[in-house]
Engineer: 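My questions all concern the structure below.
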Amino acid sequence: MPLYSCNAAPGAISDAAKPKIAADITRIHCDVTGAPPIFVHAFFFEEAPHQPLNGHQAFLFGSIRAGRTDAQKAEIVEQMRQSIHTHAGIPLEDILVTTQDTPAKWVLEGGEIMPEPGEEAEWLAKHHPEAVERA
Amino acid sequence: MIPCMCIVQDGQISSASEATLKSKLNAFAQKTFGEDADINWIKVPQRSGFTASKPSTSSIVTMRAPEPVNQDDRGPLLHELCQFWIAETGQSMNEIVGVISDPVAA
């Protein structure tokens, strides 16, 4: 968590574009929130029934830990929308990006309840010490 | 029915393990919430899943409780859920994300 799930029309996002957008999603989320990259999942689908496009060519849905400000969420939405536009060539008006808050205490990752935003250091040191050493 | 969504990387979990996990998820929902699980098994296509910008080996398992869950109960339930998942798949604890949400999170 966060989990960013991107549904798109067939062929709208190429296999070559996916890793670039995923890298942007990871960077943007971490830049805006201060979260470590190890938490960020970005999955891509085509015409996935669990995430209807509702007339858009791409719909990126981010399930993020609760506690982010409205300004942070707006920044995430705008930057990720721009990334999809840049790498996939989809017009901005055909790209929908939304986020949904999920309380950290509802999530188990690495065998422990997720830390609240800003309290990741102890969790990281236990589960991903290599990430701490790189920081 | 208890909504349950499993997002897995295509090719990572065999059909036999998928069937076993669905059976265990249903038994877990029955035991915990008294209802069957309505399981949506979603495969992330090849070359389409990324964790920390690298090809992902992660699975996400979410279950929505019919009533708010006491946090003292949620932790052990999540551990139980993730333990039977990794026992079946051979994944590590770092490759499984478990979520038990309250109904308001829908």
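What you see below is based on every heavy atom in this structure, not just the backbone, and it leaves out hydrogens, waters and symmetry mates. Order of the sequence lines fixes the chain letters, A, B, ..., with proteins taken first and strands second; residue numbering starts at 1 for each chain.
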Engineer: Are B:Leu21 and B:Ile100 grouped together when hydrophobic residues (ILVMFWY) are joined by side-chain heavy atoms under 4.5 angstrom apart?
Structural biologist: yes
Engineer: Does NZ in B:Lys24 sit with more than 12 non-hydrogen atoms of other residues, nucleotides or ligands closer than 6.0 Å?
Structural biologist: yes
Engineer: Would you call B:Ile42 and A:Phe43 a side-chain contact if the rule is heavy atoms closer than 4.5 Å?
Structural biologist: no
Engineer: Got more than 12 heavy atoms from elsewhere within 6.0 Å of CD, A:Glu122?
Structural biologist: no
Engineer: Quick one: pull up CG in B:Asp102 and OG1 in A:Thr102 and give me the separation to the nearest 0.5 Å.
Structural biologist: 11.0 Å
Engineer: So which atom in A:Lys105 and which in B:Gln71 form the shortest heavy-atom distance, rounded to 0.1 Å?
Structural biologist: O-NE2, 2.7 Å
Engineer: Hey, are the side chains of B:Ile7 and A:His41 touching, using non-hydrogen atoms and a 4.5 Å cut-off?
Structural biologist: no
Engineer: Sort B:Arg47 into side chain, backbone, both or neither according to what part of it lies under 4.5 angstrom from a heavy atom of chain A.
Structural biologist: both
Engineer: Please report the closest heavy-atom contact between A:Ala23 and B:Ser53, naming both atoms and the distance.
Structural biologist: CA-OG, 3.5 Å
Engineer: For atom CD of B:Glu67, decide whether the heavy atoms of other residues, nucleotides or ligands shown that lie under 6.0 angstrom number more than 12.
Structural biologist: no
Engineer: How about B:Val44 and A:Phe45: do any of their side-chain heavy atoms sit closer than 4.5 Å?
Structural biologist: yes
Engineer: What part of B:Ser56 lies closer than 4.5 angstrom to a heavy atom of chain A: side chain, backbone, both or neither?
Structural biologist: side chain
Engineer: Specify the closest pair of heavy atoms between B:Met5 and A:His50, including all atoms of both residues, with the distance to one decimal.
Structural biologist: SD-CD2, 4.4 Å
Engineer: If you group Ile, Leu, Val, Met, Phe, Trp and Tyr by side-chain heavy-atom gaps below 4.5 Å, do A:Trp106 and B:Val69 land in one group?
Structural biologist: no
Engineer: Taking the side chain as C-beta and beyond, is there a heavy-atom pair between A:Phe44 and B:Pro45 under 4.5 Å?
Structural biologist: no
Engineer: Do you know which two heavy atoms are closest between A:Ile113 and B:Gly75, and how far apart they sit?
Structural biologist: CD1-CA, 4.2 Å
Engineer: With a 4.5 angstrom heavy-atom cut-off, which part of B:Gln9 approaches chain A: side chain, backbone, both or neither?
Structural biologist: side chain
Engineer: Do B:Leu78 and B:Met63 share a hydrophobic cluster (ILVMFWY, side-chain heavy atoms under 4.5 Å, transitive)?
Structural biologist: yes
Engineer: Identify whether A:Ile90 and A:Met80 are in the same connected component of the hydrophobic contact network (ILVMFWY, side-chain heavy atoms under 4.5 Å).
Structural biologist: yes
Engineer: Quick one: CD on A:Glu112 to NE2 on B:His79, what's the gap to the nearest 0.5 Å?
Structural biologist: 6.5 Å
Engineer: Out of curiosity, B:Cys82 SG to A:Glu109 CD, how far, rounded to the nearest 0.5 Å?
Structural biologist: 9.5 Å
Engineer: Can you get from A:Val32 to A:Ile84 by hopping between Ile, Leu, Val, Met, Phe, Trp and Tyr side chains that sit under 4.5 Å apart?
Structural biologist: yes
Engineer: Which atom names give the shortest non-hydrogen contact between A:Lys18 and B:Ser48, and what distance separates them?
Structural biologist: NZ-OG, 2.9 Å
Engineer: For each of B:Arg74, B:Gln83, B:Met93, tally heavy-atom pairs with chain A at distances under 4.5 Å, and name the one with the top tally.
Structural biologist: B:Arg74
